[in-house]
S.K.: 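There's a structure below that I have some questions on.
Read the numbers this way: they start at 1 and go in the same order the structure lists the ligands and their atoms. Everything quoted here is computed from the prediction, not taken from an experiment.
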Amino acid sequence: MLDLCGVELAGPVLNGSGTFDAIAARRAFGDALLERFPFDAFVSKTITLAPREGNPPPRLWETPAGLINSIGLPNKGLEGFLRSDLPQLAQLPVPLIVSVMGFSHKELASLVARVSERDEVGLIELNVSCPNVESGLIMGADPAETARAVEAVRPLTTKPLIVKLTPNATEPAAVARCAQEAGADAISLINTLKGMALDPRGSGPWLGGGTGGLSGPAVRAVALAQVHSVARSVELPVIGMGGIATAAQAADFLAAGARCIAIGTESFRDPGAARRIAADLGEHFHRLDMHRTRSG
Ligand SMILES: Cc1cc2nc3c(=O)[nH]c(=O)nc-3n(C[C@H](O)[C@H](O)[C@H](O)COP(=O)(O)O)c2cc1C
């Protein structure tokens with residue numbers, strides 16, 4: 001068993017928010033999904049206060065070793081989530097982490113307060129990769145701005161608060177330290193890196209949203225460096241992600257200081273990736289132990 005802010009997990013493998021639709025998977029695979037659930041905790045797709053349709057298409061562009069998405073957070077909004085998604089996600093056999101994003105402190109406060117009322121929710125993740133409409137700053141790109149966002153919601157919940165950092169910051173470790181001082185219980189990183197693709201026909205940006213977020217193997221080295229730096233800068237548990245596709249790569253993130261790891265883009269390529277990585281991780285550590293015993 002592994003402890004994440006007082007919540008017990010059977011292992012260290014989570015999903016990256018927005019990269020595994022557990023409700024659709026349950027529809028497709030029925031109870032078999034619950035019997036062999038791939039993650040040790042499930043992170044919901046990010047929800048916002050008002051419903052969102054998301055960005056116009058096209059929403060995806062494949063790069064040589066990654067994916068740029070401009071999905072734009074389509075979701076049912078807080079009330080729709082609480083009414084129709086949460087009861088279904090509550091049936092999953094693992095702790096539930098609900099990811100929220102607010103475009104102002106007031107919005108963030110409403111989200112955290114309402115989600116916090118629900119016993120089904122184990123932890124809350126603050127996705128701070130969005131502008132604060134009041135200041136015009138990207139919440140997670142600036143340490144003081146992040147601190148203000150966390151301070152605004154900290155008194156509203158006793159549930160553990162995870163702050164999900166954006167890699168599009170000058171110094172993510174400084175942002176993490178401010179999040180810790182403001183009362184965060186854990187840090188997760190990385191979210192996607194800002195990227196762009198041009199329409200091959202020469203008519204401007206390919207993605208309907210103009211720019212998008214790069215993920216997958218292309219970002220792994222950046223993610224590993226940021227996880228390593230953040231884990232040394234805070235005392236909080238760190239959830240590391242960014243391009244993990246194998247158990248050896250997951251083990252690198254754990255060695256860099258992450259307590260848990262999350263699988264994102266790889267689940268689109270191989271929906272069984274998390275199970276494979278969890279199983280191989282056990283084997284990986286077993287071999288490492290054998291090696292240490294032999295050479296020690
Ligand atoms: C299609 C797609 C949708 C995503 N949606 C969300 C989201 O709703 N909230 C969030 O915090 N991160 C979201 N992410 C970011 C992932 O959770 C993860 O932080 C990022 O992709 C890096 O991990 P990876 O390289 O393993 O995918 C999304 C990523 C992708 C590719």
S.K.: Can you tell me which residue pairs pass the side chain to side chain donor-acceptor pair (under 3.5 Å) test with a partner in residues 52-63, sequence neighbours excluded?
M.R.: none
S.K.: Could you name each residue pair satisfying salt bridge (charged side-chain N to carboxylate O under 4.0 Å, His left out) that touches residues 208-237, not counting sequence neighbours?
M.R.: none
S.K.: Quick check on side chain to side chain contact (heavy atoms under 4.5 Å, CB included): which of L126, V227, N127, I187 does L165 satisfy it with?
M.R.: I187
S.K.: Please walk me through it: do E79 and R114 pass salt bridge (charged side-chain N to carboxylate O under 4.0 Å, His left out)?
M.R.: CA-CA 9 Å; E79 295 308 326; R114 292 280 280 127; 2.7 Å; yes
S.K.: Contacts table for ligand 1: protein N or O within a distance under 3.5 Å of ligand N or O, distances only.
M.R.:
| residue | atom | partner | partner atom | Å |
| --- | --- | --- | --- | --- |
| ligand 1 | 5 (N) | S17 | O | 3.4 |
| ligand 1 | 8 (O) | K45 | NZ | 3.4 |
| ligand 1 | 8 (O) | T46 | N | 3.3 |
| ligand 1 | 8 (O) | T46 | OG1 | 3.3 |
| ligand 1 | 9 (N) | S17 | OG | 3.0 |
| ligand 1 | 9 (N) | T46 | OG1 | 2.6 |
| ligand 1 | 9 (N) | N127 | ND2 | 3.4 |
| ligand 1 | 11 (O) | N127 | ND2 | 3.0 |
| ligand 1 | 11 (O) | K164 | NZ | 3.1 |
| ligand 1 | 11 (O) | N191 | ND2 | 3.4 |
| ligand 1 | 12 (N) | S17 | O | 3.4 |
| ligand 1 | 12 (N) | K164 | NZ | 3.1 |
| ligand 1 | 14 (N) | S17 | O | 3.2 |
| ligand 1 | 17 (O) | S17 | N | 3.2 |
| ligand 1 | 17 (O) | S17 | O | 2.8 |
| ligand 1 | 17 (O) | K164 | NZ | 2.9 |
| ligand 1 | 19 (O) | K164 | NZ | 2.9 |
| ligand 1 | 19 (O) | I190 | O | 2.8 |
| ligand 1 | 25 (O) | G216 | N | 2.8 |
| ligand 1 | 25 (O) | G243 | N | 2.7 |
| ligand 1 | 26 (O) | G243 | N | 3.2 |
| ligand 1 | 26 (O) | G264 | N | 3.3 |
| ligand 1 | 27 (O) | T265 | N | 2.7 |
| ligand 1 | 27 (O) | T265 | OG1 | 2.6 |

S.K.: Going by atom types alone, do D280 and T246 pair a side-chain donor with an acceptor below 3.5 Å?
M.R.: no
S.K.: For residues 135-156, which residue pairs qualify under side chain to side chain donor-acceptor pair (under 3.5 Å), counting only residues two or more places apart or in two chains?
M.R.: N132-E145, S135-E145, E145-R148, R154-D185
